[in-house]
**Q** 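So that we are looking at the same thing, I have put the structure below in structure tokens.
Computed from heavy atoms alone, side chains included, the values below leave out hydrogens, waters and symmetry copies.
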Amino acid sequence: MTQALNIVWFKRDLRIADHRPLATAARLGPVLPLYIVEPDFWAQADASARQWAFAAESLEELGRELAVLGQPLCVMTGDAVGIFREIHQRHGIASLWSHEETGNGWTYARDLAVAAWAREQGITWHEPRQFGVIRRLASRNGWANAWDSDMAEPVTVPPIALKPLGVDWPQTIPTAAELGLQPDPCPDRQRGGRTAALATLAGFLGERGRDYRFRMSSPVTAFEACSRLSPHLTWGTLSMREVAQASVTRLRALKPLGDPSAKSWRASLISFMGRLHWHCHFMQKLEDEPRLEFDNLHRGYDGVRPDVADQIKLDAWCAGQTGFPFVDACMRALDRHGWINFRMRAMLMSFASYDLWLPWRASGLHLARQFVDYEPGIHWSQVQMQSGTTGINTMRVYNPVKQGMDQDPTGAFVRRFVPELEGVPDAFIHEPWKWSGAASLRYPPPIVDHATAAKAAKDALYALRKGAGHKEAARKIVTKHGSRKAGTAATGRKPKAKARVVQADQLTLDL
DNA sequence: AGTGCAGTTGACTTT
DNA sequence: TAAAGTCAACTGCAC
């Protein structure tokens with residue numbers, strides 16, 4: 001019998017750079033790099049073939065990198081505990097290494113099962129952090145500083161070589177169809193893998209991010225001006241630390257350039273770095289309170305919306321057939337690209353939750369599947385914020401017509417994704433129902449009257465907010481989850497008016 | 001050139 | 001990340 005294996009279990013960290021489990025385990029002895037394709041995970045309602053396609057591309061490249069190091073990636077399909085048990089019986093497992101994961105309820109339960117099995121077998125499972133998310137966090141105080149110092153730590157250098165194990169391990173990456181996933185064409189999806197990740201990072205920091213601040217809000221410009229790093233952070237083809245440090249390096253390089261354009265560049269970069277921070281801030285919420293994936297953060301809102309979604313409205317929303325051109329264009333763009341910018345995600349969710357009065361879990365699941373960058377902690381926190389169920393955020397009900405006029409004044413974006421509206425005059429592009437030729441369009445009339453629906457939704461939620469006990473529960477939520485930005489929870493003071501203006505272009509979220 | 005006024009703008013509040 | 005409403009200051013313009 002050969003020496004027992006140290007298993008490096010790759011999860012959503014598909015890289016060798018800045019990979020502490022890999023680097024540390026490689027110093028101990030023989031390493032088996034392992035990815036487990038878990039059919040039950042991919043059968044969950046928040047999983048989709050587009051996500052798998054991105055992951056599979058990333059795995060392929062990871063496999064090549066590991067092969068160069070000397071030991072290719074072992075890919076096995078099945079239940080994690082079952083697979084570990086099998087490997088342990090055949091070869092003996094000395095230790096288990098993986099990054100700590102803040103995933104969905106399913107991965108949480110799976111990790112508990114793996115931990116229980118490992119404990120039972122006397123195998124130590126080491127789980128270093130890869131994000132600024134702290135497990136078993138006692139208090140949010142000091143969280144932001146911890147994030148800063150964590151991200152400032154040196155990136156971990158990958159091992160120079162891995163000792164070949166000399167056994168033929170399976171390496172086959174199943175197709176989406178083999179995994180039983182529904183067909184999910186996403187023609188303009190970003191490609192997975194480390195090469196694409198590095199190119200995207202270089203493109204953003206080198207040029208695309210120059211006017212990030214001003215171009216991130218409109219879907220006309222956001223596809224180019226946003227970093228587009230999100231799927232790479234989700235699947236770990238880049239580490240948060242790598243992105244944070246590359247941003248700092250770029251910021252420093254811009255300093256000596258005295259010209260005014262460099263000043264704007266810097267402001268965009270600082271704005272971007274704030275969002276890296278928020279990425280972990282939202283993941284931390286799910287880490288602290290996993291039930292927010294399923295239940296209202298503030299239980300006072302339980303039952304306010306129907307438990308079962310109105311199928312006609314849900315279907316129309318999912319298909320981009322609501323009759324609101326800007327909403328439909330965004331949904332169809334998302335379907336093609338597997339990505340849409342943050343603000344439009346908020347608008348889509350707001351429309352589902354307020355205008356259509358759909359239960360957020362159903363609509364949230366559709367968006368989760370559409371997002372190649374689906375990150376449960378960010379996603380479900382955002383879903384609840386856009387649904388008014390956190391109890392501590394101002395309701396933000398988007399007016400889809402106003403958003404259209406603000407973000408797509410020429411209607412170019414609408415016409416690209418809703419070709420049925422090609423012939424509608426500019427003046428009516430966001431409200432085609434007001435145009436005299438509307439009857440001839442092969443496009444549905446608006447599914448709801450926005451003013452009426454938004455008013456009804458606001459009234460229902462405000463009635464609960466005024467109810468007994470609402471405030472007390474909300475206060476506890478703020479204490480547990482609220483950010484500690486200057487002038488908010490930490491000091492109990494209100495920010496000065498001036499500070500508020502400075503923050504306006506940044507992501508000044510309340511939660 | 002001063003006055004009155006409708007319309008606009010921006011800061012701030014409310015929902 | 002919102003939008004609508006309020007209010008006061010401001011602007012352009014007719015007289």
Side-chain angles (χ1 to χ4, degrees), chain A residues 212-222 225-227 230 271-272 274-279 281-282 285 297-298 300-301 304 324 326-327 330 334 339-356 360 363-364 367 371 375 378-408 430-431 448-467 470-471 474 481-483 485 487-488 494-511:
Chain A
Y212 175 74
R213 269 189 311 167
F214 311 112
R215 302 178 76 211
M216 72 168 97
S217 291
S218 166
V220 176
T221 46
C226 285
S227 80
S230 55
S271 175
F272 169 69
R275 280 163 175 80
L276 294 180
H277 195 277
W278 285 107
H279 182 111
H281 170 76
F282 287 112
K285 291 179 200 300
L297 194 55
H298 191 306
Y301 296 96
V304 66
F324 287 88
F326 196 52
V327 170
C330 287
L334 169 60
W339 184 90
I340 192 145
N341 58 322
F342 185 78
R343 193 189 180 89
M344 295 305 103
R345 294 181 190 208
M347 183 188 72
L348 286 173
M349 200 59 218
S350 160
F351 192 81
S353 288
Y354 297 116
D355 292 72
L356 303 183
W360 56 257
S363 42
L367 290 185
F371 295 157
E375 181 62 65
I378 302 174
H379 182 62
W380 295 108
S381 300
Q382 287 300 324
V383 160
Q384 292 222 34
M385 284 170 80
Q386 302 309 331
S387 305
T389 53
T390 65
I392 63 174
N393 302 102
T394 324
M395 254 185 271
R396 300 192 194 280
V397 182
Y398 286 73
N399 180 330
V401 175
K402 182 184 180 295
Q403 285 296 315
M405 290 171 168
D406 290 351
Q407 309 298 337
D408 183 27
H430 293 297
E431 315 171 88
V448 290
D449 176 71
H450 169 71
T452 313
K455 174 81 165 60
K458 284 178 185 173
D459 287 351
L461 290 162
Y462 275 113
L464 289 179
R465 186 165 286 213
K466 283 190 197 122
H470 182 284
K471 267 194 180 166
H481 294 287
S483 73
K485 263 204 164 161
T488 56
K494 281 198 153 190
K496 287 176 195 157
K498 222 176 195 176
R500 204 181 279 165
V501 172
V502 172
Q503 288 177 351
D505 73 294
Q506 302 210 355
L507 205 62
T508 51
L509 308 179
D510 308 317
L511 187 58

**Q** For A:His450 and C:dA4, what is the distance between atoms NE2 and P respectively, to the nearest whole Å?
**A** 7 Å

**Q** C:dA3 P sits how many Å from A:Tyr398 OH, rounded?
**A** 7 Å

**Q** Tell me, please, whether A:Phe342 has A:Arg275 positioned over its six-membered ring: NZ or CZ under 6.0 Å from the ring centre and within 45 degrees of its axis?
**A** no

**Q** What is the separation between atom CZ on A:Arg465 and atom C1' on B:dT15, rounded to the nearest whole Å?
**A** 9 Å

**Q** From C-beta outward on A:Gln386, which listed nucleotide comes closest to its side chain: C:dT1, C:dA2, B:dT15?
**A** C:dT1

**Q** Does C:dA2 have OP1 or OP2 sitting under 4.0 Å from an N or O in the side chain of A:Arg343?
**A** yes

**Q** Could you check which of C:dT1, B:dT15, C:dA4 has an atom nearest any side-chain atom of A:Asn399?
**A** C:dA4

**Q** Quick check against the 3.5 Å criterion: does A:Gln403 have a side-chain atom that pairs as donor or acceptor with the backbone of A:Phe326?
**A** no

**Q** Heavy atoms from C-beta onward define the side chain here; which of C:dA4, B:dT15, C:dT1 lies closest to that of A:Lys402?
**A** C:dA4

**Q** Round to the nearest Å and state the distance from A:Leu461 atom CG to C:dA3 atom C1'.
**A** 16 Å

**Q** Could you check how far CD of A:Gln407 sits from C1' of C:dT1, rounded to whole Å?
**A** 10 Å

**Q** Check the distance between C:dT1's C1' and A:Arg215's CZ and give it to me in whole angstrom.
**A** 20 Å

**Q** Base, sugar-phosphate, or nothing: which does A:Met347 touch, judged by heavy atoms less than 4.0 Å apart?
**A** nothing

**Q** Looking at A:Met216, is its backbone amide N or carbonyl O close enough to the side chain of A:Asn341 to form a donor-acceptor pair, meaning the two atoms are under 3.5 Å apart?
**A** yes

**Q** Please round to the nearest 0.5 Å and tell me the distance separating atom NE2 of A:His470 and atom CD1 of A:Ile392.
**A** 10.0 Å

**Q** Roughly how many Å is it from CG in A:Asn393 to P in C:dT1, rounded to a whole number?
**A** 13 Å

**Q** Output the rounded distance in Å from NE2 (A:His379) to C1' (C:dT1).
**A** 16 Å

